[in-house]
Amino acid sequence: MMAADATLPRAQASRAARARHGQWRLLLLAAPALLLLAVVLLGPILWLSALSVIGPDGLTFANYERLWHGAFLYSFRTTFELALLVTAVCALLAYPLCYLMARVSARAAALLMLCVLLPFWTSLLVRTYAWLILLQRRGVINGWLADLGLTDAPLRLVHNFTGTAIGMIHIMLPFMVLPLYASMRAIAADYMQAAASLGATPGQAFRQVYLPLSLPGLAAGSVLVFVLSLGFYVTPAVLGGGRVVMWSMQIERNISLYGDWGAASALGVVLLAVTLLFIWLLGRVFGLEKLLAR
């Protein structure tokens, strides 16, 4: 009996040693790929970070100090206002659509999903210029409004904040729908029936059961839309008409017009830091593992 008791810890230690040995072997096998990812992903970030603090006379933070003044601060505010607006509107539009898709039959859901995915089959530039044609002063929408007698003069729907937001919402909506629909599709109908059997009204069952279960998908979609909106360039450049300047457009101008890599690098580093901060905050609220699982 004592011999058996002494053998058991040795066997457990041997299994643990074999498991650690196996983990090290897997790590060594993955080392070339991990090294390549580190060079490809971290290398440019470190290079840009270095450019942002190195000037002609050595170490300097002048590139970051100028971000608090003038056009940089205005474009920073515009970028986040647009990103937050687009994310909020996409969430308001996508939630009822995804709820409908999760409740209807599989054939109807597939048809609705096809309508959502159709924009992915069209070039981003083509969709942007299509909105330019629709929203311009002599465009289709202003023509319809005038024919219906709703307006006396053409509305300014393009080359401003409104037109940029409309185009971005149209392009970003599928990125909200896909993770949100996946989250809602995984919610079993039995949960709502169980809530109803316990005396909950449909509104109470939705607020207390369905909505909390769908929040991880909503958070994942919000991260996608918000992060992509922060770095958007084509749609604001076309529909904004130069009046709506995003952070990404400031980066492009500093490189192509002024050749100022230091200022452009500082803009990129700040944008990356704010994006990571936003993801971290959502991860703290909803759980990072839930965001990554969607």
Side-chain angles (χ1 to χ4, degrees), residues 79-122 127 131 161-162 164-232 235 273-294:
T79 298
F80 278 87
E81 287 176 355
L82 258 176
L84 290 172
L85 176 63
V86 170
T87 303
V89 175
C90 284
L92 291 176
L93 294 176
Y95 201 95
L97 174 61
C98 293
Y99 184 78
L100 176 63
M101 292 168 60
R103 305 290 289 182
V104 298
S105 63
R107 185 186 295 263
L111 180 61
L112 291 173
M113 180 60 70
L114 180 64
C115 296
V116 172
L117 294 178
L118 274 176
F120 281 112
W121 301 341
T122 308
R127 282 179 281 166
W131 276 112
F161 192 92
T162 302
T164 304
I166 292 173
M168 290 179 63
I169 290 168
H170 170 246
I171 293 170
M172 290 298 174
L173 185 59
F175 293 99
M176 180 69 74
V177 169
L178 293 176
L180 184 55
Y181 174 67
S183 178
M184 288 185 175
R185 195 70 177 177
I187 301 175
D190 297 340
Y191 294 156
M192 301 294 286
Q193 295 174 359
S197 66
L198 293 174
T201 64
Q204 292 173 335
F206 176 81
R207 290 192 304 272
Q208 299 176 14
V209 178
Y210 198 90
L211 181 60
L213 291 175
S214 65
L215 284 181
L218 182 62
S222 299
V223 169
L224 282 174
V225 173
F226 185 78
V227 170
L228 291 175
S229 297
L230 286 179
F232 226 89
T235 302
V274 173
T275 302
L276 293 177
L277 177 62
F278 177 77
I279 295 175
W280 178 79
L281 289 175
L282 279 181
R284 295 283 295 177
V285 174
F286 295 101
L288 186 60
E289 67 283 352
K290 294 181 180 180
L291 297 180
L292 296 177
R294 294 298 168 185

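Just the heavy atoms: all of them, side chains too, but no hydrogens, waters or symmetry mates, feed the values below.
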Identify the two heavy atoms, one from [X] and one from [Y], that lie closest to each other, and give their separation to 0.1 Å.
X: G199; Y: Q204; value: O-OE1, 4.2 Å
X: A165; Y: L85; value: CB-CD2, 4.0 Å
X: M101; Y: M113; value: CE-CE, 3.2 Å
X: L180; Y: S214; value: CD1-O, 3.9 Å
X: A102; Y: M184; value: CB-CB, 4.0 Å
X: V104; Y: A108; value: CG2-CB, 3.8 Å

Do L97 and V116 make a side-chain contact, defined as non-hydrogen atoms from C-beta onward lying under 4.5 Å apart? yes
Taking side chain as C-beta onward, heavy atoms only, is M176 less than 4.5 Å from L224? no
Determine, stepwise, if the pair T235 / F232 fulfils side-chain contact (heavy atoms from CB on, under 4.5 Å). CA-CA 7 Å; T235 302; F232 226 89; 2.9 Å; yes
Answer yes or no: is there a donor N or O on one side and an acceptor on the other, between the side chain of [X] and the main chain of [Y], under 3.5 Å?
X: T87; Y: A83; value: yes
X: R127; Y: T122; value: yes
X: S197; Y: A194; value: yes

Under the side-chain contact (heavy atoms from CB on, under 4.5 Å) criterion, do L178 and L117 qualify, and how do the steps go? CA-CA 9 Å; L178 293 176; L117 294 178; 4.0 Å; yes
Sequence neighbours excluded, which residues qualify as ring pair (Phe, Tyr, Trp, His ring centres under 6.0 Å) partners of Y99? F206, Y210
side-chain contact (heavy atoms from CB on, under 4.5 Å) for L215 and L218? Distances and angles first, verdict last. CA-CA 5 Å; L215 284 181; L218 182 62; 4.0 Å; yes
Would L211 and Y95 count as a side-chain contact (heavy atoms from CB on, under 4.5 Å) here? Give the steps. CA-CA 10 Å; L211 181 60; Y95 201 95; 3.3 Å; yes
How far does [atom1] of [X] sit from [atom2] of [Y], to the nearest 0.5 angstrom?
X: F161; Y: I166; atom1: CZ; atom2: CD1; value: 11.0 Å
X: L230; Y: L84; atom1: CG; atom2: CG; value: 8.0 Å
X: F278; Y: S222; atom1: CZ; atom2: OG; value: 6.5 Å

